[in-house]
Each structure stands twice: as C-alpha cells, then as structure tokens.
Number of protein chains: 2
Amino acid sequence: MSHRSHATRATINDVARAADVSRQTVSNALNKPHLVRPATLERVRAEIDRLGYLPSQAAQGMRSQRAGAIGVELNAVHRGASDVAQPFLTDLTVAAPRHDVHLVPFAHGTRFPAVDGYRDMVRRRLVDAFVLSDTHLGDPRPEWLLEAGIPFAAFGRIYDHPELGWWADVDGAAGTAQAVDHLHDRGYRTAAYLGWPPHKDDSEVADARREGWLTRAGELGTAGPELACEQDLADATLAARTLLDQLEPGDAVVCASDLIALGVMYAAAARGWRIGPDLGVVGFDGSLTASRHGLTSLLQPLPDIADALLGLLTDQLAGGADDPGGRLLTPTLTTGPSTDRTTAATAYTPLPAPGKRR
Amino acid sequence: MSHRSHATRATINDVARAADVSRQTVSNALNKPHLVRPATLERVRAEIDRLGYLPSQAAQGMRSQRAGAIGVELNAVHRGASDVAQPFLTDLTVAAPRHDVHLVPFAHGTRFPAVDGYRDMVRRRLVDAFVLSDTHLGDPRPEWLLEAGIPFAAFGRIYDHPELGWWADVDGAAGTAQAVDHLHDRGYRTAAYLGWPPHKDDSEVADARREGWLTRAGELGTAGPELACEQDLADATLAARTLLDQLEPGDAVVCASDLIALGVMYAAAARGWRIGPDLGVVGFDGSLTASRHGLTSLLQPLPDIADALLGLLTDQLAGGADDPGGRLLTPTLTTGPSTDRTTAATAYTPLPAPGKRR
DNA sequence: ATCGTTCATATGAACGTTCAAAAGGCGTTG
DNA sequence: CAACGCCTTTTGAACGTTCATATGAACGAT
C-alpha cells in the first residue's frame, strides 16, 4: 500500500466552526487581535493551535493581488562557478521569512539572460519582484524591469543606471584596506596585489578592490608590485609566478579573490616558500576555497546583503518608499594560517618537495 | 520620480472581453482546445498573445487545491560545504518547468533538520511535496512526512525505510568501476583506493564506491592498497601521504570524492611526483574542484537525478502511481590531466620545488 | 422609554480560475 | 414537425482569504 491519504489541511472556516465564531473573527484574531474580545481571542487561538491552521498563501495572494514571492535567477550556465552564489542564495532564503516573502528560483537554459523568463514569472503572478545578481554593463534586465514597472534590487551596482539606488554591494575597497592593515600588523614587509584586469563590463568591482589596497598600502608605505590575471586557477598560478619574481620571503600578496589566492599559494609552494612564515596571502570572498586551504580572506557580508536587498524590495512593494541609495557593506577579515608568520604551513597547504627546506 | 506604476496584468476576463467570448471559452482554448471551434480558437489565441495573458498561479492553485510547488530545504549550516548542492539545486530548477512545478527553497537556522519547517510549508499550502537531500540513518524527515501523508522524493537512499522506492541516487559502484577501467586503459599498474571510513549514518554511499573499486580491480588484477579518511582536505592529505608510502610511480589512486583526490594531489606533489605521468588520480563528483585542478572525475548525473525526483513527485501527486522503486543513475567519467600519462602536470596543479626533478 | 455611541461579531463581495451543468444552434430522424 | 443528439458556448458555483459594510448588544444621556 504505497498510496497515502492526504490529510486535509484546516481552513479558516474549520477554525471558525470549531470556535463557534465567524470566519472574519478568526481573520481578525490573526491580523487585528485588538478588535477581538479577549475571551473570544483566547478561544479562537486555542482552536487555531489545535487544528494547526495557517492561512493559505494562494488565497491570501489572491485577495491581496500579491504573490508574496521574490524571483531569483539561477544561472544554469555558470552553475557552481561562483564561490558566493550558493551561500548567497542560502542567506536570501534565511532572510526571506523576516520579510514575509519566500523565494522562487528560476533558470534559463541559454547563455544569455532571457528577459522572457522574468516576464513570464510576473505574468503568472508567481513573484512580485526580483533579486538580480551578476549585473554588468549592458545588462538588459534593469532597463527592462524598470520599463515594465517591476521592482527589483541588485547584488552589485546597476551599471547602466547609476542614478538608481536599488542595490547593495560589498565594499571592496574597505576589504582590501583591511587586508593591508592586517598584513602590516602581522609584520609583512610589503603587500603586493594580484587582481583582475580592467574588464569590459564590470570594472567597478575590480577597481574598488585594487583601490583599497593601493590607497592603504600607500599610506602605510607597504605597497608592493601589482599584476592582473583572469578568475582562473591556471592563469592565477602563472601570474603569481611572475609576481613572486619581484618579491622576497617576508612579503605578502593581497588577492582579488580566493581562487587567485590559491594560485599564489601554488606558485609560492612551487618555489619552496612556506605560506604564512615566508609569504602572507590574503584572499577575498571568504569562500569554501579559503576555509579549506587555511586562507586568510575577506568574508563577504552576504547575510546583510540579502537582508538589505529584501528590505529594498519590500519597501518598493509597499509603495511609497523613496530610493534610499545603494548600500555598501563591509566584509569581515577571517584569519587563517596563510598570514600566520609563526606557524609553519599546515599539512593541507601544498608542500614543497620534502627535505628541500628548513 | 522613483516610484513606478504597476502595469496591471491581464486576467482571463480581459481576454474574454477582448475576444468577445466567455471566460470559460478562454479557459478551454488553453486547456481543452479541441472543445473550441477553430475560428473562435484562433481569435482567442490572438488576444491571449496580444495581451500577454498567462493564468494566475494563485488562482489556479486555489481551484485545484495544489500549490504547484516543491519544497527544497537549504541547509543553512552546511552552507556551501557540499560540492554538489549548488549544481543540484540549479538542475532541479531547470527541470521544474518540465514537470509544471516551481521550487520553493526554505531553510532552518538550527543545526537539526526541523520537521516544523516542512510542516508549516504544507500548512500554508506553499508546496505540495518535498525533495530531500542528505538523508541519513535516523533522519526524522521521511518518517514524519510519511505519517503526515506528504509526498517526497529523496536524493539518496531512504535508510530507515528501505521498502520505499521514492528515491534516486548515483550508482557509486558503477562509477568507481569506470575509474578502475579507465586507469587500466591508461596503463597505470595498480589502482589504490582512498575512501571514507565506515560511517555511522550513511555508510551505503561509502560502501558502494569502495565496492565498485574492489570488485573491478579484483577482476583486472590491479587492486592496490586502500585507506580511509574524513571528507576534509587536511585529513585527506595526511592519509594520502601514508597511502603513497605503499605506492610507486606508475600507480594510481581512486578517491571517494574530489576533495580527497585533491589531498592526494597535494601529497603526491609534496613527494615530487608529477600528477598524471607519475601518479594517476581519479576523483568523484565532477565538482568545480575537479575541473579547476584538472582532475579526472566521475560527474554525477545531477540533471537526470533532478528530473527523476520531480517525476516521482508528480506521479505521487497525480495519485495512482505505484512505488516504482529507487533509481540508480550512472555517473560519467570526465578525463583531465590527472590521468594523462604523457603530458606533464599543468601549471595549476601543485608543483614540486623547481629544478628538483625531470 | 428613546436615541445615539461604542464595541464586538457577522455577512456580502471580490480576487482569477476551472468543473459541472445548462443553454443555444443545427442537422438528422421517426 | 417534434423529438433527439451533437457541437459549441455560457452561466453558476466553489476554492480561502480579507475589505467594506451591516447587524446586534450594551450603555449612558436625554
């Protein structure tokens, strides 16, 4: 007997009947308790608990003309390529109940962000608004959503519409500045930088992270050489090899991402340098990659960003709220062995050939 | 002027009025076109297109007493810890439209899977059913869902209810057997195994992967030594060091996961062995870790699993379907430099100290 | 006693959809 | 030509909720 009998869920009428009141009184007990006489309120609440009643989302949505949901596009092409996409989605999910919404992820199979997907989600009244990620210069989505009058909020700047403040982002400059301070505190001589090349479509992220390093290291007088590479382990390792040619043990490298930092670790290990004692390395993102490899990194404030974005959306949906301007949130430095000068590299960092040093 | 006018979405009545028919005819045009006279059908369809009408999910859900949604728990504790969680969610999202459902992710903040979250999702009629991941021995969820009559399907076996077939999983044994074949084809002398220790709660996954290696390597006469370690880079690297003591250049290692394989690569590099030419390494999961490090791995058939699970759910929701029994899906071997005997290790695999060998 | 006030609770209506059933048109048949 | 059947289209009802409004009871003031 594999078929299961569906326990029929309680409705507001079931509660009303059980508590011997009208459905409106039950509704009031939940939404406007001050209108209900205390004795009645208690009785109704008891029945609500007993029957395990929760209002139907569909019926509420019907009445309010709101889906109570936020759409989030999962890029089927990138898949897991970004180290932060997954934790960010989790943080959005955790934050959602605080804003009385739930999330509806959707994906497009093609390479290009199909505005069609967004359109149909709204037409089916599946969602009221969207959270955008990976916005870039020439991104058609903000333009289109704006035109269609659909609220949205972006993780990252809205490049083609700098006048819009419906976004939240990581303060990259503040992050790398922290990294430079930390390396200085730990006694590393200079802080080199391995970043991204000036990109066509979203150079601001790259610029900000580099800027924080350059400014702070300039102030402290610890600025080392810099170099750029793609967000790719092989390319980062190659670039790091070149960068390390200009460094000596006792120096450090600030990186634009954890993946790049991993490349630096590899290049350093190949050279026989111990990560930490001989070379300080700081990554960016606070990703799984960082924690796995004992990397000091800048943990993105994803829970705060998620909360801020949902707040922006509910404000827009509520109607009146004026554009509050974008929010820059500061990442948190998490320290690992990669900037520990006293402890030798742990077992799981790439090791040089045995007997070669020390 | 930041406030936007909400373009009011078309309803079935708008279409009916425009096409000069009744709402039911519009409904029929969409759901039972054979009941509508061709000329009328064409006229209605034209108006549907012109107005961009799509039925309201809430209203349909109301009528059908179905949410049309599947709940997926995102574990806020694991966060991005699993290499497959993110791609799996993406694959579920991609597969969802094929089954006429959408997904609703939800999370619990606490460490233990709170059955309460599942319960409330159903009571609010937000979802009709659930996809479970990370099922394990003693998992309270299957028991509870079964009792409550809520359909579910699990990625991974349902350990406490082996009689239930509402699951799909990766065929671990078939995977590692492929790995052994591949290593044999490539001319590696023996295939050692670095797996997981017999675990308290979900030993079947570990057993299956080991079994596939043991059986096939036994048949081919290439079985090397084996060892176990936790799913942790440091532990894997340490264990690999011990395992490599029993191997020689020309041997290979099959690993229970990509992370463990990475540990093997580190241990081998520390020893001055070139990955590929000196030591073959095969991981499991086909994760981002694998592709980043040029690792030959067994790509989990996540799109197929996602599709199978949603199929199981829609069958259950449709009512009659008998338990079809669990499905084991075969992973695909993806080759990388880590099992290429001719090409030297690429730049991004950990390198030994320069000048040390070759 | 009659009237307004206030508080507590109840009823009607509507949101958008689809099932069930009714109704209208038209050709065939007894 | 009335009765029947078929094809197409329309109407009524219901899903569960909440807003707007109505009803009723209690009470103080005239």
Side-chain angles (χ1 to χ4, degrees), chain A residues 6 8-45 47-48 51-69 100 120 122-128, chain B residues 6 8-45 47-48 51-69 100 120-128 319:
Chain A
H6 261 243
T8 176
R9 270 48 102 173
T11 76
I12 200 173
N13 282 310
D14 297 331
V15 177
R17 210 170 305 120
D20 198 33
V21 294
S22 72
R23 59 183 195 285
Q24 185 60 40
T25 300
V26 178
S27 176
N28 286 338
L30 284 170
N31 305 317
K32 305 181 175 172
H34 59 281
L35 293 182
V36 181
R37 191 161 51 100
T40 313
L41 185 58
E42 192 179 1
R43 185 157 36 97
V44 172
R45 281 184 170 156
E47 289 303 327
I48 287 177
L51 297 172
Y53 167 71
L54 284 178
S56 150
Q57 176 81 14
Q60 283 183 324
M62 188 111 209
R63 184 99 236 299
S64 66
Q65 300 291 78
R66 285 271 158 79
D100 285 314
D120 292 351
V122 173
R123 287 196 177 154
R124 295 215 63 191
R125 263 154 283 198
L126 258 176
V127 303
D128 303 313
Chain B
H6 261 243
T8 175
R9 273 42 103 176
T11 74
I12 200 172
N13 282 310
D14 298 329
V15 177
R17 210 171 304 120
D20 198 32
V21 293
S22 71
R23 58 183 198 284
Q24 184 60 40
T25 300
V26 178
S27 176
N28 286 339
L30 285 169
N31 304 317
K32 304 181 175 172
H34 59 280
L35 294 182
V36 181
R37 191 161 51 102
T40 313
L41 185 58
E42 192 180 358
R43 185 158 36 99
V44 172
R45 280 184 170 156
E47 290 303 326
I48 287 176
L51 298 172
Y53 166 71
L54 285 178
S56 150
Q57 177 80 15
Q60 283 184 324
M62 187 111 208
R63 182 99 241 293
S64 66
Q65 301 291 79
R66 284 269 158 80
D100 286 313
D120 292 351
M121 296 282 284
V122 173
R123 287 196 177 156
R124 295 215 61 193
R125 262 152 284 197
L126 259 175
V127 303
D128 303 313

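These numbers were taken from a predicted model, which means no experiment stands behind them. Throughout, protein chains are lettered first and strands after them, A, B, ... in sequence-line order, and every chain is numbered starting at 1.
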Is there a donor N/O on one and an acceptor N/O on the other, under 3.5 Å, for the side chain of A:R23 and the base of D:dT18?
yes
To the nearest Å, how far apart are [X] [atom1] and [N] [atom2]?
| X | N | atom1 | atom2 | result |
| --- | --- | --- | --- | --- |
| A:N13 | D:dT17 | CG | C1' | 9 Å |
| A:I12 | D:dC19 | CD1 | P | 11 Å |
| A:Q57 | D:dT18 | CD | P | 11 Å |
| B:R63 | D:dT17 | CZ | C1' | 17 Å |
| A:L41 | C:dC7 | CG | P | 17 Å |
| B:L30 | C:dT18 | CG | P | 7 Å |
| A:R125 | C:dG16 | CZ | P | 6 Å |
| A:N31 | D:dG16 | CG | P | 17 Å |

[X] [atom1] to [Y] [atom2] distance, which is reported to the nearest 0.5 Å:
| X | Y | atom1 | atom2 | value |
| --- | --- | --- | --- | --- |
| B:R123 | A:R9 | CZ | CZ | 9.5 Å |
| B:L41 | B:H34 | CG | NE2 | 11.5 Å |
| B:Q60 | B:R66 | CD | CZ | 13.0 Å |

What is the nucleic acid contact for [X], judged by heavy atoms within less than 4.0 Å: base, sugar-phosphate only, or nothing?
| X | answer |
| --- | --- |
| B:T11 | sugar-phosphate |
| B:T25 | base |
| B:S64 | nothing |

At less than 4.0 Å, is any side-chain N or O atom of [X] found next to OP1 or OP2 of [N]? Yes or no.
| X | N | result |
| --- | --- | --- |
| A:S22 | C:dA10 | yes |
| B:N28 | C:dT18 | no |
| A:S27 | D:dT18 | yes |
| B:R37 | D:dT9 | yes |
| A:Q60 | D:dT18 | yes |
| A:Q24 | C:dG12 | no |
| A:K32 | D:dT18 | no |

Is the shortest side-chain heavy-atom distance between A:L30 and A:I48 below 4.5 Å?
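Yes, side chains in contact.
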Taking the side chain as every heavy atom from C-beta outward, state whether B:D20 and B:R43 have any atom pair closer than 4.5 Å.
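Side-chain contact under 4.5 Å: yes.
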If you check every side-chain atom of B:T40, which of D:dG16, D:dT9, C:dT17 has the closest atom?
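The answer is D:dT9.
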Do any N or O atoms from the side chain of B:Q57 and from the backbone of A:A58 form a donor-acceptor pair under 3.5 angstrom?
no
For DNA chain D, whose closest nucleotide is more 5', that of A:Y53 or that of B:V21?
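Result: B:V21.
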